[in-house]
Trainee: 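The structure follows.
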Amino acid sequence: MGYPFKRIEAKWQKRWEETKLYKTDFSHHRNKCYTLVMFSYPSSDKLHLGHWFNYGPTDTWARFRRLRGYNVFEPMGFDSFGLPAENYAIKTRGHPRDITEENIRYIRRQLKQIGAMYDWDHEVITSRPEYYKWTQWIFLQLYKAGLAYRANAPVNWCPSCNTVLANEQVVGDGRCERCDTPVTKRNLTQWFFKITAYAERLLQNLDKLDWPEKTKTMQRHWIGRSEGAEIDFRLADDSQRIIKVFTTRPDTLFGVTYMVLAPEHPLVEDITTPTQKEEVQQYVEATLRESEIERLFTEKDKTGVFTGAFAVNPVNGEKVPIWIADYVLMTYGTGAVMAVPGHDERDFEFAATFELPIRKVILEPGTREDAPLTAAYTGEGVMIQSGPFTGVPSQEGREKIIQWLEEKGIGRRKINYRMRDWLVSRQRYWGAPIPIVYCDHCGEVPVPEDQLPVELPYEVDFRPTGESPLQTHEGFKNTQCPQCRGPATREVDTMDTFVDSSWYYLRYFTPHLENAPFDREIVNQWCPVDKYVGGAEHATMHLLYARFVNMVLYDLGYIQFEEPFTSLRHQGVIMGPDGQKMSKSLGNVVNPDDYLEKYGSDVFRCYLMFGFDYAMGGPWDDSGIASMDRYLNRVWRLFQNCRWVFREGNAYRRKGPEEEKLIKTLHRSIKGATIDIERFHFNTAISRLMELTNELYRYTGNRPREEQNAGLLKEILEKFNIMLSVFAPHLGEELWERTGHDYSIFHQRWPEYDPKLLEEDTVEYAIQINGKVREKVRVPREASREAIIQAALQTGRIPKLLDGKQIVKTIVVPNKLINIVIR
RNA sequence: GCCGGAGUGGCGGAACUGGCAGACGCGCCGGACUCAAAAUCCGGUCGGGGUGACACCCGGUGUGGGUUCGAGUCCCACCUCCGGCACCA
């Protein structure tokens with residue numbers, strides 16, 4: 001029963017490896033095609049369906065490109081540092097390094113089953129010193145460029161992972177990206193990368209990338225550029241102290257009736273008057289006690305407290321009260337806002353709650369100036385009650401006010417970004433140590449490059465205490481200052497694993513290179529990545545960080561391309577059979593290994609390609625995979641039935657209508673598959689192959705061998721075989737061998753289609769009357785418009801249907817249809 | 001709340017820039033092969049009406065409007081699902 005997939009798959013995997021079939025020759029790069037999938041993460045989990053869905057179809061694309069004459073490089077590696085391995089080690093009382101190395105061995109074996117073109121001589125493993133040595137080198141380059149700094153700041157803290165998180169790593173309503181625990185805040189001195197310095201370029205370059213719009217939109221939103229002004233409000237006392245605010249609506253400056261500071265704002269303690277002290281203190285404490293989740297809850301009522309202090313509106317000298325409220329965030333803008341309740345919804349709500357004055361300074365078109373405001377008007381209009389600016393349209397007014405502020409030196413044009421710097425310190429063990437030493441004499445000293453790597457010691461108690469585990473390792477911690485040779489201590493935090501994965505695509509060419517992170521010449525010839533494929537969940541983390549690091553390396557002159565990934569695709573998510581996201585807790589996880597055992601790798605990867613829209617994914621379906629098993633067996637039988645064609649052949653050379661039809665189907669099939677694979681529409685590409693298979697069955701099943709054109713069949717089967725091989729590489733290679741061809745099918749060329757063969761001499765037109773199809777007619781391809789209409793008017797029932805009616809208009813769509821409009 | 005994406009037969013999913021909706025597959029129905037079944041091969045399969053059987057007619061792409069000779073595709077409003085962001089000043 002069934003074709004012997006087990007034997008076949010094992011045989012070819014071995015043969016491919018032995019003959020180094022997938023060794024990329026880097027010496028010529030004219031047709032280079034760097035195909036990259038997001039590398040795998042060997043924690044406690046083995047390869048799951050998501051990996052297969054990512055890797056299998058992408059390999060099909062890469063094989064397709066190879067057969068089309070591209071010099072393809074498709075590497076694989078392991079993103080092997082990180083918390084899951086560490087947490088798993090704690091649970092099982094093992095060691096992260098042992099567990100990781102063991103998992104890599106296991107997953108590597110699983111990956112080989114996919115039958116992908118990975119060149120294992122180029123494997124990259126981020127937790128190996130030969131790799132993280134260069135991750136540390138990257139850190140040092142950023143440090144030297146002034147892009148790595150230490151700051152004491154409130155940071156996101158995950159109490160379950162016992163470590164800090166970057167902003168991007170807090171997901172949903174304030175939960176940890178890894179473990180879903182609600183995130184809290186802590187004040188800590190941590191290392192940051194100054195990604196905000198690149199905000200504008202990261203934003204601008206998006207336009208040049210062939211990425212899903214969705215992903216670009218997410219990055220744009222994440223960067224969050226907004227234009228406006230920074231305005232200085234002097235305090236009403238004589239202290240000369242200033243509160244800076246950022247606003248996108250300087251045109252509403254005359255409408256300011258109060259100010260609000262974030263409760264954490266450093267000035268709060270300073271300016272609060274004695275009578276308000278207690279109330280303010282209580283409010284500040286209450287805010288700090290609030291969880292991130294509570295604070296982010298939009299629907300709650302506005303709260304706040306008056307500080308007792310006043311500021312002066314620079315535009316009209318008015319004294320306005322200064323409040324504090326938790327709706328103002330310390331982390332956005334300056335942590336202070338000028339409140340314009342007339343034209344900002346939040347300010348309006350707040351003013352209504354605390355009975356603060358509301359002033360209308362922008363007139364909504366079509367309304368009267370003396371009509372009272374019942375809600376904030378946030379649109380454009382003419383400025384009113386705005387001193388010298390009264391009567392100016394608001395958009396123009398923004399510019400004028402900024403000019404006025406700049407002339408007076410009390411404000412300036414400002415572009416603000418939502419994005420914050422990238423927090424890279426982690427208080428955990430299983431990561432690359434940050435290559436910095438602290439010396440009483442010299443202060444913060446970077447480890448000299450020739451002393452890298454700063455090796456991660458093995459014997460460490462890494463149970464999470466909230467302190468960095470390396471803290472307890474005296475041998476690691478205590479060291480010598482590289483500058484003065486005096487006693488010093490090492491930085492004990494390790495790096496966020498997103499640093500590891502932000503440059504791995506540069507290392508693949510030369511994974512064992514000892515004196516540099518990458519071979520500049522090869523990298524400049526072979527990068528950027530031509531096609532990058534991976535999950536959409538990395539849209540604002542990995543994909544932003546990698547772009548940033550790449551851009552820094554570009555600025556520092558190490559590489560000659562600014563963007564790492566020219567073209568990006570995301571695979572969709574395969575859900576459980578119940579239509580829900582697969583998860584252990586729901587018990588709907590589908591294990592690929594069971595299906596590999598039952599159907600084999602080719603069937604499995606083909607089903608993944610055929611059963612889903614690649615970009616969308618969908619629920620897993622058992623009957624679907626059975627149908628793919630049936631199809632590949634059908635192909636197998638077809639080749640068995642046709643063995644004689646390759647062995648004996650015959651003299652039958654006729655090309656009658658049956659043969660013509662077969663040829664036409666072949667070319668249609670080639671065309672469809674060619675276009676669809678290129679654009680990642682694997683499901684329709686496979687359906688084109690099925691059509692060809694069906695046609696071949698019809699042809700060979702209906703007549704004796706003597707009346708089958710063996711020469712033609714041979715040619716078509718060979719072309720079909722080549723196309724099949726990119727989807728089912730093992731089966732493809734086996735059939736190629738069995739039909740007497742030389743190893744390997746992957747040295748062949750993808751078949752070309754002849755567009756002329758797809759053009760028929762006559763074209764069928766649908767004849768519509770008032771948009772409804774009534775008849776069909778065949779006319780010569782080159783027929784004139786008039787000839788087509790004439791033919792249509794005489795076809796079948798058309799004359800009768802037109803009888804007694806008046807033709808108003810006739811539309812002819814070339815090669816498609818003609819529509820006769822009658823009354 | 002805002003920003004994206006999607007909603008098409010019993011099911012997975014096709015349909016390039018507006019042009020014959022439902023490719024391909026699953027399921028189901030029928031036929032061939034078989035003593036029989038499975039497997040396989042061949043054919044049918046959107047719904048309703050109509051016919052002895054055809055022909056043919058009508059309706060149909062989440063809902064309601066609109067633009068157009070013509071709308072799954074474009075526009076407006078709404079509903080549902082998924083993803084992102086969430087008091088962003």
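In what follows, chains carry the letters A, B, and so on, assigned in the order in which the sequence lines appear, proteins first and then strands, with residues in each chain numbered from 1.
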Trainee: Could you give all pairs that pass the salt bridge (Lys or Arg N to Asp or Glu O under 4.0 Å) test and reach residues 676-697 of chain A, with sequence neighbours left out?
Mentor: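 Passing the test, one end in residues 676-697 of chain A: R65(A)-E678(A), K661(A)-E695(A), D676(A)-R679(A), R688(A)-E691(A), E695(A)-R698(A).
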Trainee: Between which residue ranges does RNA chain B form stems of three or more consecutive Watson-Crick or G-U wobble pairs, both distances under 3.5 Å?
Mentor: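 So the stems come out as B:1-7 with B:79-85, B:10-12 with B:24-26, B:27-32 with B:40-45, B:46-49 with B:56-59, B:62-66 with B:74-78.
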Trainee: Between the protein and nucleotides 7-17 of chain B, list the N/O to N/O atom pairs that are separated by less than 3.5 angstrom.
Mentor:
unit_1	atom_1	unit_2	atom_2	d
G12(B)	O2'	G611(A)	O	2.5
G13(B)	OP1	G617(A)	O	3.2
G13(B)	O3'	N683(A)	ND2	3.1
A14(B)	OP1	D613(A)	OD2	3.3
A14(B)	OP1	N683(A)	ND2	3.2
C16(B)	N4	K816(A)	NZ	3.1

Trainee: Hey, what are the protein-to-nucleotides 27-31 of chain B N/O distances that come in under 3.5 Å?
Mentor:
unit_1	atom_1	unit_2	atom_2	d
G27(B)	OP1	R630(A)	NH2	3.4
G27(B)	OP2	R630(A)	NH1	3.4

Trainee: Answer yes or no: does a side-chain N or O of R668(A) lie under 4.0 Å from OP1 or OP2 of A23(B)?
Mentor: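 Result: no.
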Trainee: Is Q169(A) reaching over with its side chain to a backbone N or O of A166(A), donor-acceptor style, under 3.5 angstrom?
Mentor: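 Pair found, side chain donor or acceptor close to backbone of A166(A).
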Trainee: Without decimals, in angstroms, what is the distance between R698(A) CZ and A32(B) P?
Mentor: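 It is 20 Å, rounded to the nearest whole Å.
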Trainee: Taking atom P of C85(B) as reference, at what distance in whole Å does atom CD of Q169(A) sit?
Mentor: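 It works out to 13 Å between those atoms.
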Trainee: When the distance from CZ of R634(A) to P of C24(B) is rounded to whole Å, what number comes out?
Mentor: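 Answer to the nearest Å: 12 Å.
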Trainee: How many Å lie between CE on M218(A) and C1' on G84(B), as a whole number?
Mentor: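 Computing the M218(A):CE to G84(B):C1' distance gives 5 Å.
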Trainee: Not counting sequence neighbours, which residues clear side chain to side chain donor-acceptor pair (under 3.5 Å) with R220(A)? List them please.
Mentor: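 In terms of side chain to side chain donor-acceptor pair (under 3.5 Å), with neighbours along the sequence ignored, R220(A) is linked to D207(A).
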Trainee: Enter the distance from L373(A):CG to K360(A):NZ here, rounded to the nearest 0.5 Å.
Mentor: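 Taking CG in L373(A) and NZ in K360(A), the distance rounds to 5.0 Å.
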Trainee: Under 3.5 Å, is there a donor on one side chain and an acceptor on the other for Y607(A) and D622(A)?
Mentor: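 Result is no, nothing qualifies.
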Trainee: Using the P atom in both, what is the distance from C81(B) to G70(B), to the nearest Å?
Mentor: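 C81(B) and G70(B) have their P atoms separated by 35 Å.
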Trainee: On the nucleotide C88(B), are OP1 or OP2 found under 4.0 Å from the side-chain N or O atoms that R346(A) carries?
Mentor: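 For C88(B), OP1 or OP2 has a side-chain N or O of R346(A) closer than 4.0 Å.
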Trainee: Whole angstroms only, please: what is the CG-C1' distance between L692(A) and G25(B)?
Mentor: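 Going from L692(A) (CG) to G25(B) (C1'), I get 16 Å.
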Trainee: Are W620(A) and Y595(A) close enough that their ring centers fall under 6.0 Å?
Mentor: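 Yes, they do, as the ring centres are separated by less than 6.0 Å.
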Trainee: Identify which nucleotide among C20(B), A89(B), G25(B) has an atom closest to any side-chain atom of V773(A), counting heavy atoms from C-beta outward.
Mentor: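 The nucleotide sitting nearest to the side chain is C20(B).
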Trainee: Looking only at the side chains, is there a donor atom on one of E349(A) and Y327(A) sitting less than 3.5 Å from an acceptor on the other?
Mentor: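 There is no such pair (donor and acceptor under 3.5 Å, judged by atom type) between the side chains of E349(A) and Y327(A).
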Trainee: Return yes when atom NZ of K185(A) has more than 12 non-hydrogen atoms of other residues, nucleotides or ligands closer than 6.0 Å, and no otherwise.
Mentor: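 Enclosed: over 12 neighbouring heavy atoms sit under 6.0 Å from NZ of K185(A).
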Trainee: With respect to the phosphate group of A86(B), does any side-chain polar atom (N or O) of R418(A) fall under 4.0 Å of OP1 or OP2?
Mentor: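 Yes, because at least one side-chain N or O of R418(A) sits under 4.0 Å from OP1 or OP2 of A86(B).
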Trainee: When you compare A21(B) with A14(B), how far apart are their C1' atoms, in angstrom units rounded to a whole number?
Mentor: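 Approximately 10 Å lies between the C1' atom of A21(B) and that of A14(B).
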Trainee: Base, sugar-phosphate or nothing for R774(A)? Non-hydrogen atoms, less than 4.0 Å.
Mentor: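 Sugar-phosphate only.
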Trainee: Let me know, please, whether G333(A) or K581(A) comes out on the 5' side of the other along RNA chain B by nearest nucleotide.
Mentor: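 Final value for this comparison: K581(A).
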Trainee: Contact class for L689(A) (heavy atom, under 4.0 Å): base, sugar-phosphate, or nothing?
Mentor: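 The answer is nothing, as L689(A) stays clear of every strand by at least 4.0 Å.
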Trainee: Pick the P atom in A86(B) and in G18(B), then give their distance to the nearest Å.
Mentor: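 A86(B) and G18(B) have their P atoms separated by 37 Å.
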Trainee: Quick check on RNA chain B: between R797(A) and T334(A), whose nearest nucleotide comes earlier from the 5' end?
Mentor: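 It is R797(A), whose closest nucleotide lies nearer the 5' terminus.
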Trainee: Closest to the V328(A) side chain: G25(B), U40(B), A89(B)?
Mentor: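 Nearest to the side chain of V328(A) among the choices is A89(B).
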Trainee: Tell me if a side-chain donor or acceptor on H343(A) pairs with a main-chain N or O of Y377(A) at a distance below 3.5 Å.
Mentor: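 Present.
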Trainee: Y327(A) side chain: which of C87(B), C41(B), G19(B) is closest?
Mentor: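 Nearest listed nucleotide: C87(B).
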Trainee: Which part of the nucleic acid, if any, lies within reach of N694(A) when heavy atoms closer than 4.0 Å are counted: base, sugar-phosphate only, or nothing?
Mentor: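 Sugar-phosphate, no base atom in range.
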Trainee: Taking only the C1' atom of each, what is the distance from A55(B) to C26(B) in whole angstrom?
Mentor: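 Those two atoms are separated by 32 Å.
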Trainee: F680(A) and F682(A): aromatic ring centres closer than 6.0 Å?
Mentor: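 Yes, ring centres under 6.0 Å apart.
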Trainee: What integer distance in Å separates Y631(A):OH from A23(B):C1'?
Mentor: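 Between C1' of A23(B) and OH of Y631(A): 15 Å.
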Trainee: Using the C1' atom in both, what is the distance from C29(B) to U68(B), to the nearest Å?
Mentor: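 Approximately 41 Å lies between the C1' atom of C29(B) and that of U68(B).
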Trainee: For the pair made of CD in E345(A) and P in C87(B), what is the distance, rounded to whole Å?
Mentor: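 To the nearest whole Å, that distance equals 14 Å.
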Trainee: Could you tell me how far U80(B) sits from U8(B) if I compare only their C1' atoms? Round to whole Å.
Mentor: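 Between the two C1' atoms, the distance is 15 Å.
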Trainee: Does L203(A) offer a backbone N or O that forms a donor-acceptor pair with the side chain of Q219(A) under 3.5 Å?
Mentor: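 Not at all, since once roles are kept as given, no pair shorter than 3.5 Å links the two residues.
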Trainee: Hey, mind stepping through F498(A) and W422(A) against ring-ring contact (aromatic ring centres under 6.0 Å, His included) and telling me if it holds?
Mentor: CA-CA 10 Å; F498(A) 280 116; W422(A) 174 13; 7.4 Å; no
Trainee: Among C56(B), A89(B), G19(B), which nucleotide sits nearest the side chain of F246(A)?
Mentor: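 So the nucleotide nearest the side chain must be A89(B).
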Trainee: Quantified in whole Å, what is the C1' atom distance between nucleotide U34(B) and nucleotide G13(B)?
Mentor: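 Pairwise C1' distance, U34(B) against G13(B), rounds to 36 Å.
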Trainee: How does each nucleotide of nucleotides 64-75 of chain B score, in 5' to 3' order, for protein heavy atoms under 4.0 Å: base (B), sugar-phosphate only (S), or none (-)?
Mentor: -----B------
Trainee: Looking only at side-chain atoms of S627(A), point me to the closest of C41(B), C26(B), C85(B).
Mentor: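 Of the candidates, C26(B) comes closest.
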Trainee: Given the P atoms of C46(B) and G9(B), what is the spacing between them in whole Å?
Mentor: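 Their P atoms lie roughly 13 Å apart.
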Trainee: So, taking the atom named CD in E380(A) and the one named CG in D251(A), what distance separates them when rounded to the nearest 0.5 Å?
Mentor: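 Here the interatomic distance stands at 6.5 Å.
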Trainee: The test is side-chain contact (heavy atoms from CB on, under 4.5 Å); show your working for V821(A) and T810(A) and say whether it passes.
Mentor: CA-CA 6 Å; V821(A) 186; T810(A) 309; over 6 Å; no
Trainee: Regarding K776(A), tell me which of base, sugar-phosphate or nothing describes its non-hydrogen contacts under 4.0 Å with the strands shown.
Mentor: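 Answer is base: heavy atoms of K776(A) come under 4.0 Å of a base.
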Trainee: What is the separation between atom CG on N815(A) and atom C1' on C20(B), rounded to the nearest whole Å?
Mentor: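 It is 14 Å, rounded to the nearest whole Å.
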Trainee: Between atom CG of N416(A) and atom CZ of F246(A), what is the distance when rounded to the nearest 0.5 Å?
Mentor: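 Here the interatomic distance stands at 4.5 Å.
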Trainee: Return the CD1 to CG distance between I242(A) and D232(A), rounded to the nearest 0.5 Å.
Mentor: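 Nearest 0.5 Å value for the CD1-CG distance: 4.5 Å.
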Trainee: Since syn is defined as within 90° of 0, does G9(B) count as syn or as anti?
Mentor: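 Classified syn.
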Trainee: Would you say D421(A) and T196(A) are linked by a side-chain donor-acceptor pair, where the criterion is simply a distance under 3.5 Å?
Mentor: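 Yes.
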